[in-house]
Amino acid sequence: MAQITGMSLFKKMGLLAFCLFGCISVLTSALTAYTLYDRLIREYTSKGAAIATAIASSSQEILLDRDAATTQSMIDQYLSIEGVAYVFVADSEGTIVSHTFVPEVPVGLRSLPSSKQLQILPELKIGSFGRVIDICVPVLAGVAGYVHVGMDKDLVVGYFWKAILDMQLLLFVTFWACVGILYYATRRISRPLRQLTEYARKLAAHDFTATIDIQTRDELNLLGRAMQSMGQELSLLFTEMNSEVDKATRELRDHMAYLSAILDNLADGLLVVGVTGEITVVNPAMRALFDLEDMDYSGQKIDEVFPDEVLSMLSGVRTCSLEIVSAELPLSRGRIGKAISSSVVVSEPVTQCLGGVVLVRDITREKELDQLKTDFISTVSHELRTPMTSVLGFSKIIRKKLEQAIFPLLADESSVSKPIKQVRGNMEIIVSEAERLTELINDVLDIARMEAGEIAWRDSDVSMGDVLVQSRNSTKGLWKAKGLAVELYVEAGLPPVYGDYGRLVQVVVNLLANAIKFSDESPIICGIKSDGEYQELFVKDRGPGIELDDLETVFAKFKQVGDTLTGKPEGTGLGLPICRRIVERHGGRIWAESTPGEGSSFHCLLPSNMSGAAVLAETTHCLASDRVGQRSEPASPEGGGGGKNSFSSSEQSPKILVVDDDAVLVRFLGEIFESNGFQVCFATNGEDAVRLARELTPDLVTMDIMMPLMDGREAIKSLRSDPVTQGIPILVITALSGEEDNGGDMALTKPVDETRLLEAARNLLGRRRVCKPCIVLGQRADCHGEDLSLMCADDISFVSEVDFWAKWGRDFRGTVFIPARKSGTINLERLTKLSGVSIVILPSYTRE
């Protein structure tokens, strides 16, 4: 309760009254003294003048007769009048005739000036008489003489001071009497005020039981009753407020208990930290995920409790970066968690950041299920792709045999022309449906592997012009079959795009295939242009177009335009979703534009790689050489230039070792290779493959991955580690996509197309002669330079193993020569794992 630290109001009023009373009394006393003094002086002067005049009027003749005795007796009687100090009469010459002085007239009075008029000297100092007022009255205008009356001025002063002292005494008594009365009155007046003050203090202390009793009939009484009424109202309000507060407190307590129960029973781990990194909340699930003790971690730093991965996730969000961070975290006991973190921001009363929060979910089971799903899909794909290879391959072989051997013999038989036509149509349906089923399997596997993040991306600088050319060639059969034309527009001077060449080709092929599928009018325009930072790929057709509402739907999985219940769906509905995932993985975006009835256009925006322009320029020559080399290869069997005529009579047919555990597929591959002039031998598991490769030293090995006894991975590893077989090209043919990194030189995914299979085999057999650099892990003096020149022309580099791994590593494609005496110091196992790398051990060389 506040206390009065200075003088009270009534003390201040008393002091002010004291000062005012003092000032008034002083001024009043001064004015009274002045007035009294002046009036006394005037009165005594007038009294002296009256005495002098009376003497002058009554003694004219006496003075003229110079009767001094009579004059003396007359003036002596005036000495008895109060205030008269002396009286004397002088003749016209100033000689004193009569006087009242005893024994003689003072010296100073003998020379007083005389005047024919009344003359008053206000103050004279006369010896023992003190101060006097001299009044001179002439007799007969001074002819008969002058009368002087002296009035005692000290008497006047005495009366003055006596009156002043009496008055001051009266004022003093009156003042203290007033002070006493004022004090009493103040006490009476202030008592109700003190009661009001005390009552207000009790109200402020929430003491609403206090009462106030003011027994006056004035405003203070009204004020007291008003305050008491106000106190009662406040008491009622406080009672209601306390009730509401108690109710709100109970609700808040229940709510906090509810929230606490939610946090405690939350299946996901919850961690809340402040802006300085101190832990605020850790729920039991979070403690269980990281095997923390059941204790209060509030106030501890994050790095003192949780691993660095949690600290790195919260480092940004707890400083209000407004970024939502998602990552996988290692949990205790080998578990894996999925974490999402974000900032904690409040907007009331002012916007401020309170820290960060992270939610962690144990996804160990999901990861296991996802792995099971991937394994299941891999198994199913293997089980489907292998027979599909046989079905599709044998269908094509049967169709080719019928067209080449059977149907020409029956061409003259009119009775069988109709069955021949039916058989030819049925074979086309079998091949078409097999290809469609293969496409569906491939799309399902692609989207599943992309969602699982198991796609192996082979990024490099890619020329989008080459991508468009290859895509156009790949879809040549489709657009030619429908009598359409595909026009390419490639802007000159395009920088490369950093990405996966094969996946980018897959995007363009999908877009072109869709355009061909839904268009009956030419041309279909496919082009690429650049604004420097980005390159825009576009494919435009003149089909029926897409409704505005369906432009985004077409990128959803299994979503197709139109009514799929009443109309036969075109495709699997997975091509465009796969395109979107590929484009977004490359940092771009894909969208569709269309005007119903006028056609559609699909656009992809891909970031350019300006730094890779020089690299692309260097590799352009190599790619061009590859294409020249491919064109110089014999044409495919279906093109009419294949078969045994692929090799000259003087050239021995290449020997190919086909390795696969599926007997039907082995038979299919064998028929293809044998029909195209290759020598073929077979193995049904990895162990036989390694043994036969060492015995037969084939020119090429086709290797399946999933086989009994020894799988393809182990077999390739074994072949690469054996100096006898490590230089044999290996073509991986597997149902598992993404197996190209298992040490093979090239990989094809089942089902295998005959044309692609032959092109891949011929490419592997001849590619070492086309644009393949050679690297020697050693000095030039360690090997025969002439032998190397025959194999590698002038493209030979001599480097140490350390420099090889530092500069080229996994990006190198070519032949690595290792001097025999250094082979024991080289990491051959690591080299054999490189894709597209052939290893040759050079014999020891001794200079003569």
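- Between Leu311 and Phe306, every side-chain heavy-atom pair lies at or beyond the 4.5 Å cut-off.
- By the 30° and 60° cut-offs, the orientation of the rings of His603 relative to Trp591 is parallel.
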For this session: Could you please spell out the steps behind the side chain to side chain contact (heavy atoms under 4.5 Å, CB included) verdict for Leu223 and Leu196?
Result: CA-CA 8 Å; Leu223 178 60; Leu196 291 172; 3.4 Å; yes
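- Contact record, Gln228 with Ile212: OE1-CG2, 3.3 Å, taken as the closest heavy-atom pair.
- Between His206 and Phe238, the ring centre distance stays below 6.0 Å.
- Closest approach of Gly231 to Tyr199, counting heavy atoms only: CA-OH, 3.9 Å.
- In this structure, the side chains of Val137 and Tyr146 stay at 4.5 Å or more apart for every pair of heavy atoms.
- Atoms CE and CG, on Met241 and Leu234 in that order, are 9.5 Å from each other to the nearest 0.5 Å.
- Surrounding CD of Glu240 are more than 12 heavy atoms belonging to other residues, nucleotides or ligands, all under 6.0 Å away.
- For the pair Pro106/Tyr86, no side-chain contact is recorded, criterion being any heavy-atom separation below 4.5 Å from C-beta on.
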For this session: Begin from the C-alpha positions of Ile133 and Ile41 and carry the test side chain to side chain contact (heavy atoms under 4.5 Å, CB included) through to its verdict.
Result: CA-CA 9 Å; Ile133 302 172; Ile41 293 298; 4.1 Å; yes
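- Taking each heavy atom of Leu203 and Met227 in turn, the nearest pair found is CD1-O, 4.2 Å.
- Heavy atoms from other residues, nucleotides or ligands lying under 6.0 Å from NZ of Lys301 number more than 12.
- Here the side chain of Ser80 pairs a donor or acceptor atom with the backbone of Gln77 at under 3.5 angstrom.
- For the pair Arg250 and Lys247, the minimum side-chain heavy-atom distance is below 4.5 Å.
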For this session: List the steps and the verdict of side chain to side chain contact (heavy atoms under 4.5 Å, CB included) for Val345 and Leu354.
Result: CA-CA 6 Å; Val345 180; Leu354 301 182; over 6 Å; no
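- For the residue pair Ala285 and Leu266, the shortest heavy atom distance occurs at CB-O, 3.2 Å.
- Note that CZ of Arg253 is 9.0 Å distant from CG of Asp246, once rounded to the nearest 0.5 Å.
- Distance check: Glu198 CD to Leu193 CG gives 13.5 Å after rounding to the nearest 0.5 Å.
- Judged by distance alone, with hydrogens and angles left aside, the side-chain atoms of Thr364 form a donor-acceptor pair with the main-chain N or O of Ile336 at under 3.5 Å.
- By the 4.5 Å heavy-atom criterion applied to side chains, Tyr78 and Val149 are not counted as neighbours.
- Two residues are said to be in side-chain contact when any heavy atoms from C-beta on lie closer than 4.5 Å; Ser530 and Ser608 meet this criterion.
- No more than 12 heavy-atom neighbours from other residues, nucleotides or ligands sit within 6.0 angstrom of CZ on Arg191.
- Residue Val360 comes nearest to Gly337 through the heavy atom pair CG1-CA, 4.3 Å, listed as atom of the first residue, atom of the second, then distance.
- Between the side chains of Asn283 and Arg287, no donor-acceptor pair of N or O atoms lies under 3.5 Å.
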Exercise. What's the verdict on side chain to side chain contact (heavy atoms under 4.5 Å, CB included) for Ser243 and Thr239, showing C-alpha distance, side-chain angles and the deciding distance?
Worked result: CA-CA 6 Å; Ser243 176; Thr239 302; 5.8 Å; no
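- Around CZ of Arg361, the count of heavy atoms belonging to other residues, nucleotides or ligands within 6.0 Å does not exceed 12.
- Between His99 atom NE2 and Asp76 atom CG the span is 9.5 Å, to the nearest 0.5 Å.
- Under the 3.5 Å distance criterion, the side-chain polar atoms of Gln300 are left unmatched by any main-chain donor or acceptor of Tyr297.
- Surrounding CE of Met256 are at most 12 heavy atoms belonging to other residues, nucleotides or ligands under 6.0 Å away.
- Taking both residues in full, the closest heavy atoms of Val89 and Val147 are given as CG2-CG2, 4.2 Å, listed atom of the first, atom of the second, then distance.
- More than 12 heavy atoms of other residues, nucleotides or ligands sit less than 6.0 Å from atom NZ of Lys338.
- Taking CD1 from Ile24 and OG from Ser29, the interatomic distance works out to 11.5 Å, rounded to the nearest 0.5 Å.
- Using a 4.5 Å heavy-atom cutoff, the side chains of Gln117 and Pro138 are not in contact.
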For this session: May I have the step-by-step check of side-chain hydrogen bond (donor to acceptor under 3.5 Å, both in side chains) for Asp213 and Thr211, ending in yes or no?
Result: CA-CA 7 Å; Asp213 182 19; Thr211 58; over 6 Å; no
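- With a 4.5 Å cut-off on side-chain heavy atoms, Val157 and Tyr37 count as touching.
- Remark: Lys47 qualifies as a cation-pi partner of Tyr44 under the 6.0 Å distance and 45° angle criteria applied to the six-membered ring.
- Within a 6.0 Å radius of CD in Glu219, no more than 12 heavy atoms belonging to other residues, nucleotides or ligands are found.
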Exercise. Taking it one step at a time, do Arg335 and Ser332 satisfy side-chain hydrogen bond (donor to acceptor under 3.5 Å, both in side chains)?
Worked result: CA-CA 6 Å; Arg335 294 173 295 172; Ser332 61; 2.8 Å; yes
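- A distance of 8.5 Å separates OG of Ser46 from CD1 of Ile120, quoted to the nearest 0.5 Å.
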